[in-house]
K.L.:
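Got a structure here, written out as structure tokens. Questions coming.
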Amino acid sequence: MKKLTAGDPETKSADIVGSNIEALRSLFPEAFGEGGVDFEVLKQLLGAAVDERDERYGLSWHGKRRARQLALIPSSGTLIPCPEESVGWDSTQNLMIEGDNLEVLKILQKSFGGKVKMIYIDPPYNRDADVIYNDDFTDPVKNYQMLTGQIASDGRKLTSAAEASGRYHTEWLNMMFPRLRVAHSLLQKNGVIFCSIDDAEVAHLRIMMDEIFGQENFVAELIWEGANKNDARQVGVCHEYVLIYARNRESVEREWGLNKEGVEPVLREVARLKKLHGADHETASAELAGWFRANKAKPAFANRRFRNIDDRGAYKEDDPTAPGGRKFELRNPLNGKVIPLRPNRGWSFDQEEFNRLVEEKRITFVTETTIMVRRYLHETDKLTPPSVFYQPARSASERLNRLMGAAVFDYPKDEAIIQKFVQMACGDQSGSIVMDFFAGSGTTAHAVLMQNAADSLDRRFILVQLPEMLDESRPEQKIAAEYCLGLGRPRNIAELTKERLKRSAASITAASGSSPNDNGFRVYKLAPSNIRSWQPNASDLEGTLLANAEHLVPGRTEADVLTELLLKLGLDLCVPIARREMAGKTVHSVGGGVLMVCLADGLNQQVVEALAHGIVCWRRDLAPAGDTRVVFKDSGFADDVAKTNMAAILQQNGITDVRSL
Ligand SMILES: C[S@@+](CC[C@H](N)C(=O)[O-])C[C@H]1O[C@@H](n2cnc3c(N)ncnc32)[C@H](O)[C@@H]1O
């Protein structure tokens with residue numbers, strides 16, 4: 001039975017360097033000698049593409065090399081499940097993760113690498129009030145625990161205020177670079193990232209994203225108009241930006257569509273009237289016209305020309321001619337008569353297409369020779385997204401204040417605009433994963449829930465938010481800190497996020513009557529690994545390994561260890577887990593028998609035999625498509641004989657991948 005140790009890839013988050021090397025090796029095997037990569041050979045293979053000039057185009061700053069390395073170092077952390085803080089733990093596919101986003105993104109790499117369809121982030125813009133947290137190379141998880149007050153600080157400088165540090169852009173770039181680098185590998189091939197930013201850093205962000213994502217994968221720089229800052233000097237800037245990059249632009253859907261404003265409620269009303277009146281289209285159309293009159297103040301009113309109903313849905317009657325159209329003798333296929341064309345106009349179809357439209361009853365004959373064409377709302381309900389969006393910033397704040405019942409979060413983004421981004425990037429695909437790793441108040445999740453409620457699809461969200469402490473002695477944090485206290489929760493921003501998620505789901509259900517399919521979310525929290533020897537002290541590796549006769553960190557549960565195994569083996573956190581008692585011990589089966597885990601103590605000779613047979617039978621019933629890995633706790637075995645027997649019995653029954661922690 002092989003013991004998993006700190007050196008095994010299974011005990012770490014994704015090894016990005018390792019996969020880079022493998023990718024390079026598969027492309028250029030000749031460039032790999034005994035000692036590693038032979039750059040001279042690689043240069044020859046790449047020919048004219050190699051740029052060896054001293055002066056090169058690009059963005060350079062102090063710490064860039066370190067920032068690049070930071071993205072490559074695997075995380076030694078894990079995520080601790082918190083069902084008691086979650087909603088619908090057993091049924092939900094949504095995740096809300098508390099932690100520093102760089103560590104969390106690395107930890108998610110194996111389970112979600114290449115699977116995320118859309119990322120939206122709204123990072124600190126590097127304005128005066130923004131706090132940029134320093135990353136720590138040597139012990140990032142401990143650094144995080146100190147930053148968030150979970151363990152005492154040893155006096156290290158915790159934060160750096162932008163301008164005061166004298167390295168205005170540098171700190172920000174050092175913070176953003178590794179996060180975007182890791183985010184890149186989380187995106188699926190046709191995935192896209194949207195990043196909000198303002199004038200302070202847009203120029204740098206654009207060049208940095210060009211470098212990380214590739215200039216060829218730049219999709220657009222959107223203008224988001226809406227905020228008039230009071231500090232205007234020469235020019236009153238009232239917009240910010242959203243940069244969009246694709247993982248691979250060639251793979252992204254060719255046409256992005258945006259639902260036209262107010263279409264959804266009309267379609268719902270039409271469906272209701274059709275159900276009510278069946279083939280009586282006249283009554284249904286009359287009632288639809290009345291419905292439009294009653295909704296004059298709503299966005300739906302913009303679609304009032306679609307007030308007729310037939311079997312297909314709601315339609316408007318359109319003129320089938322236009323000034324630049326086709327000029328020819330159009331004949332009515334029903335009687336052969338020529339339909340006259342008005343001067344200076346042409347038809348919007350040819351004879352063949354017209355015949356088809358007549359057959360499909362998409363043409364209204366006002367007279368035998370006067371026609372209109374029916375345009376259906378559900379077929380014209382999408383428009384190409386513009387590059388300028390308008391939404392007053394204040395309205396998002398006011399809505400959030402109403403939702404939360406207090407002004408707990410400054411400058412939230414507008415969920416209606418983020419919902420449009422979700423429509424654009426995810427389209428009609430079910431199961432898309434949408435991520436936001438600077439979640440703040442959780443606007444992105446709110447937008448996903450709204451879109452899911454609107455079109456009944458089941459996109460998932462993953463949020464990451466630092467449990468940034470709220471200090472009631474600071475006037476700007478007082479309301480939020482007291483709010484958390486009122487909830488009986490710790491005073492930090494992640495608590496606001498979770499409360500927002502609960503309230504958003506409830507308000508969507510109340511407003512639309514159609515509840516999102518998945519209203520819940522699972523809460524996980526960043527923490528050091530459950531296995532002591534997997535989080536070695538870098539300065540005393542040998543010492544830590546020897547000191548750990550008992551491997552599990554005290555106080556951690558079986559669920560904690562199971563979660564870490566899922567993450568380190570690259571399984572989805574929401575994969576189904578079943579459990580069975582056998583020989584008095586609990587065994588967990590993950591993903592229908594892909595992984596079977598028993599973390600019980602007291603595995604002596606008698607228990608081992610019964611337990612091994614129980615596992616073999618259960619696996620036979622589950623019949624997983626591939627191999628099964630079975631994991632035990634090393635210290636759970638009474639002695640080496642019991643351990644060897646367990647491995648032998650399982651092996652005799654075709655289970656060869658048996659490990660211990
Ligand atoms: C500008 S706010 C996002 C606001 C959000 N879009 C909304 O609508 O509410 C940025 C958030 O990122 C969080 N943050 C900053 N650094 C972080 C880090 N290293 N890891 C996780 N979250 C972080 C901050 O606490 C803050 O809440």
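Start at 1 and go down the list; that is how both ligands and their atoms are numbered.
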K.L.:
Using a heavy-atom cut-off of under 4.0 Å, does the side chain or the backbone of Phe409 touch ligand 1, or both, or neither?
P.N.:
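For Phe409, the contact with ligand 1 is made by the side chain alone.
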K.L.:
Would you tell me which option among Ser441, Ala445, Gly440 has the nearest heavy-atom contact to atom 9 (O) of ligand 1?
P.N.:
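Checking each option, the heavy atom nearest atom 9 (O) of ligand 1 is found in Ser441.
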K.L.:
Quick one: nearest non-hydrogen protein atom to atom 12 (O) of ligand 1, plus distance?
P.N.:
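Sorting protein heavy atoms by distance from atom 12 (O) of ligand 1 puts Phe438 CD2, 3.4 Å first.
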K.L.:
Check for me whether the distance between the ring centres of Trp89 and Tyr524 falls short of 6.0 Å.
P.N.:
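When the ring centroids of Trp89 and Tyr524 are compared, they turn out to be within the sub-6.0 Å range.
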K.L.:
Which residue and non-hydrogen atom of the protein lie closest to atom 25 (O) of ligand 1, and at what distance in Å?
P.N.:
Glu468 OE1, 2.4 Å
K.L.:
Does even one non-hydrogen atom of Ala439 get within less than 4.0 Å of ligand 1?
P.N.:
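Within the 4.0 Å threshold, so yes.
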K.L.:
With sequence neighbours excluded, tell me which residues meet salt bridge (Lys or Arg N to Asp or Glu O under 4.0 Å) with Glu499.
P.N.:
Arg503
K.L.:
Note the single closest protein heavy atom to atom 13 (C) of ligand 1, along with its residue, its atom name and the distance in Å.
P.N.:
Gln465 OE1, 3.5 Å
K.L.:
Out of curiosity, is Arg179 lining ligand 1, as in a heavy atom under 4.0 Å away?
P.N.:
yes
K.L.:
If you have a sec, work out which protein heavy atom is nearest atom 10 (C) of ligand 1 and how many Å separate them, to one decimal?
P.N.:
Asp122 O, 3.4 Å
K.L.:
Show me which atoms of ligand 1 lie under 4.0 Å from any heavy atom of Gly99.
P.N.:
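Under 4.0 Å from Gly99, ligand 1 has these atoms: 20 (N), 21 (C).
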K.L.:
Answer yes if the side chains of Tyr120 and Ser196 hold a donor-acceptor pair under 3.5 Å, and no otherwise.
P.N.:
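Short answer, yes.
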K.L.:
Among protein heavy atoms, which lies nearest atom 7 (C) of ligand 1, and at what distance?
P.N.:
Thr443 OG1, 3.3 Å
K.L.:
Pair Arg460, Asp572 - check salt bridge (Lys or Arg N to Asp or Glu O under 4.0 Å), show working.
P.N.:
CA-CA 12 Å; Arg460 301 170 64 180; Asp572 193 318; 2.8 Å; yes
K.L.:
List in chain and number order the residues that pass side-chain hydrogen bond (donor to acceptor under 3.5 Å, both in side chains) with Gln145, two or more places apart in sequence or in another chain; answer none if no residue qualifies.
P.N.:
none
K.L.:
With side-chain contact (heavy atoms from CB on, under 4.5 Å) as the test, would you mind laying out the steps for Val523 and Glu98 before giving the verdict?
P.N.:
CA-CA 8 Å; Val523 176; Glu98 286 182 27; 4.3 Å; yes
K.L.:
Hey, is Arg556 close enough to Glu564 for a salt bridge, meaning N to O under 4.0 Å?
P.N.:
no
K.L.:
How far is atom 22 (N) of ligand 1 from its nearest protein heavy atom, and which residue and atom name does that atom have?
P.N.:
Leu466 N, 3.2 Å
K.L.:
Does an N or O from Asp436, backbone or side chain, lie closer than 3.5 Å to an N or O of ligand 1?
P.N.:
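Not met; the criterion fails.
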K.L.:
Please report which non-hydrogen protein atom sits nearest to atom 19 (N) of ligand 1, along with the residue it belongs to and the distance in Å to one decimal place.
P.N.:
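The closest one turns out to be Asp100 OD1, 2.8 Å.
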K.L.:
For Ile479, does the CD1 atom sit with more than 12 other heavy atoms under 6.0 Å from it, leaving out its own atoms?
P.N.:
no
K.L.:
With no hydrogens and no angle check, just 3.5 Å: does a side-chain donor-acceptor pair link Asn174 and Trp61?
P.N.:
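Asn174 vs Trp61: donor-acceptor pair found between side chains.
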